[in-house]
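Treat the numbers as computed from the prediction; the structure is a model and nothing was measured. Every number for a ligand or one of its atoms is a count from 1 in the order of the listing.
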Amino acid sequence: MALESQRLAGDVAVVTGAASGLNRGIALKLARNGATVACADINDAEARKTVELIHAEGAEAFAVHMNVGDSTDVKRAFKEIWDRTGKITILINGAALIKFSPIETCTDEEWDQVVRVDLTGCFYTLREVYPYMRDSGGGRIVQISSSSAKSGSSFGGPHYTASKGGVISLSKYAARRWVKDNIRVTTICPGISNTPLGNHPDAPRRLEDFVKDIPMGRVAEPEDIAGVVLFLVSDESGYVTGITVDINGGREVYGN
Ligand SMILES: NC(=O)c1ccc[n+]([C@@H]2O[C@H](COP(=O)([O-])OP(=O)(O)OC[C@H]3O[C@@H](n4cnc5c(N)ncnc54)[C@H](O)[C@@H]3O)[C@@H](O)[C@H]2O)c1
């Protein structure tokens with residue numbers, strides 16, 4: 001596929017969780033529109049596969065090992081990206097871990113594991129990216145929450161749903177604090193999506209069970225999510241910060 005546009009030419013984007021699913025789709029989209037993409041994940045082999053997919057399209061990317069739940073590793077990885085590019089202007093916080101244990105049986109350990117990756121991981125990456133983005137003249141950050149943060153869905157466990165709620169608040173905080181630095185921060189809430197996480201064998205519901213509740217009659221594909229992210233990191237959304245965007249096939253308007 002030829003590049004779609006050069007609207008992100010000169011941008012350096014860090015995508016966490018880029019080895020799979022929605023984040024792989026987002027990494028491809030940003031690269032197809034001119035950004036150089038740092039594909040950050042704990043799964044190095046699959047992150048390299050994302051890079052290969054991007055290179056096959058004639059676009060720019062490289063893989064970086066980053067465990068978002070480990071502050072030392074996050075610090076090292078951002079320095080590695082900065083040393084290589086001298087610029088970081090986009091961050092997509094998409095890495096996530098899901099466990100399906102319901103609140104009644106969720107262990108302390110499961111709670112801590114999920115919150116560490118899904119919420120604390122966003123804090124670590126925001127804290128580390130800030131000086132680099134400020135010194136790059138500003139940037140755009142998109143954090144990936146979930147429709148479950150708003151609906152209270154018990155698809156994921158309480159740790160997942162509460163972490164995703166925290167992500168929305170963290171985005172609003174950062175949006176207010178860094179508007180002076182020309183950094184815009186937004187959040188997306190995807191509905192159920194066709195990815196390894198959405199299709200997880202331990203999930204309490206199968207993907208196809210959700211379709212009857214979705215007015216558009218299908219679950220989300222990575223491309224549905226990536227297009228909205230492209231808008232949120234583009235100049236076309238230059239007067240937008242702090243907002244949360246639902247991407248769910250119209251679930252909010254069901255029955256209208
Ligand atoms: N799939 C859905 O139905 C759905 C719905 C709403 C929101 N989301 C959110 O979208 C994002 C992407 O989800 P997905 O469905 O593509 O999931 P996925 O499981 O396909 O991908 C998640 C990626 O995160 C990586 N990851 C996990 N722990 C990590 C860590 N500690 N450090 C770095 N990387 C780590 C994994 O290796 C994987 O590559 C997540 O934030 C998820 O919560 C997904």
Side-chain angles (χ1 to χ4, degrees), residues 14-28 38-51 63-74 76-78 91-100 112-125 128 142-151 153 155-157 159-168 170-171 187-211 213-214 218-226 228-229 244-249 251:
V14 180
V15 179
T16 72
S20 178
L22 300 183
N23 304 312
R24 173 176 274 171
I26 292 166
L28 274 157
C39 297
D41 210 291
I42 44 172
N43 187 336
D44 298 327
E46 288 298 318
R48 281 196 296 272
K49 201 173 279 179
T50 303
V51 170
V64 186
H65 184 87
M66 186 192 295
N67 178 357
V68 299
D70 176 342
S71 61
T72 306
D73 202 50
V74 170
R76 178 206 48 74
F78 273 100
L91 169 65
I92 311 299
N93 255 337
L97 174 68
I98 195 164
K99 293 197 182 285
F100 298 96
D112 289 342
Q113 278 177 343
V114 173
V115 174
R116 173 158 288 278
V117 174
D118 295 7
L119 179 57
T120 310
C122 289
F123 159 61
Y124 289 156
T125 56
E128 291 310 319
V142 179
Q143 302 215 97
I144 307 189
S145 175
S146 165
S147 57
S148 57
K150 292 180 159 187
S151 69
S153 159
F155 176 74
H159 28 23
Y160 181 80
T161 297
S163 294
K164 293 298 181 181
V167 167
I168 296 174
L170 185 59
S171 290
T187 311
I188 58 167
C189 287
I192 189 75
S193 308
N194 184 17
T195 70
L197 185 152
N199 284 297
H200 199 288
D202 298 339
R205 290 176 78 185
R206 306 265 59 82
L207 214 54
E208 51 275 17
D209 298 339
F210 287 91
V211 172
D213 298 329
I214 303 173
R218 62 178 180 83
V219 301
E221 297 295 333
E223 188 67 13
D224 295 314
I225 309 302
V228 178
V229 172
T244 305
V245 181
D246 297 316
I247 315 170
N248 57 23
R251 272 191 92 168

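For Phe155, the heavy-atom gap to ligand 1 stays at 4.0 angstrom or more. Contact analysis leaves Cys189 out of contact with ligand 1, as no non-hydrogen atom separation drops below 4.0 angstrom. The closest approach between a heavy atom of Thr16 and any atom of ligand 1 is not below 4.0 Å. Residue-ligand proximity: Ile192 is placed with a non-hydrogen atom under 4.0 Å from ligand 1. Within the structure, the closest approach of Lys164 to ligand 1 falls below 4.0 Å when heavy atoms are considered. Ser145 counts as a contact of ligand 1, since one of its heavy atoms falls under 4.0 Å from the ligand.
Taking every non-hydrogen atom of Asn23 and a distance limit under 4.0 Å, the qualifying atoms of ligand 1 come out as 12 (C). Taking every heavy atom of Val117 and a limit of under 4.0 angstrom, the matching atoms of ligand 1 come to 28 (N), 31 (N). Of all the atoms in ligand 1, the ones that sit under 4.0 Å from a non-hydrogen atom of Gly17 are 23 (C), 24 (O), 25 (C), 39 (O). Near Gly21, meaning under 4.0 Å from one of its heavy atoms, ligand 1 places the atoms 16 (O), 20 (O).
Residues Val167 and Ser146 fail the side-chain proximity criterion, which asks for heavy atoms closer than 4.5 Å.
Results of the side chain to side chain contact (heavy atoms under 4.5 Å, CB included) test with Thr125 over Leu91, Val14, Thr120 single out Leu91 as the only residue that passes.
The closest protein non-hydrogen atom to atom 16 (O) of ligand 1 is Leu22 N, 2.8 Å. Among protein heavy atoms, the minimum distance from atom 5 (C) of ligand 1 is reached at Gly191 O, 3.3 Å. The shortest contact between atom 22 (C) of ligand 1 and any protein heavy atom is with Ala96 O, 3.9 Å. Among protein heavy atoms, atom 15 (O) of ligand 1 sits closest to Thr195 OG1, 2.5 Å. The protein heavy atom nearest to atom 9 (C) of ligand 1 is Ile144 CG2, 3.7 Å. For atom 33 (C) of ligand 1, the closest heavy atom belonging to the protein is Met66 O, 3.1 Å. Looking from atom 40 (C) of ligand 1 to the surrounding protein, the closest heavy atom is Gly94 O, 3.1 Å.
When only modelled atom types and interatomic distance are considered, Thr195 and Ser193 share no side-chain donor-acceptor pair under 3.5 Å.
A salt bridge between Asp213 and Arg251 is present, with a side-chain N of the basic residue lying under 4.0 Å from a carboxylate O of the acidic one.
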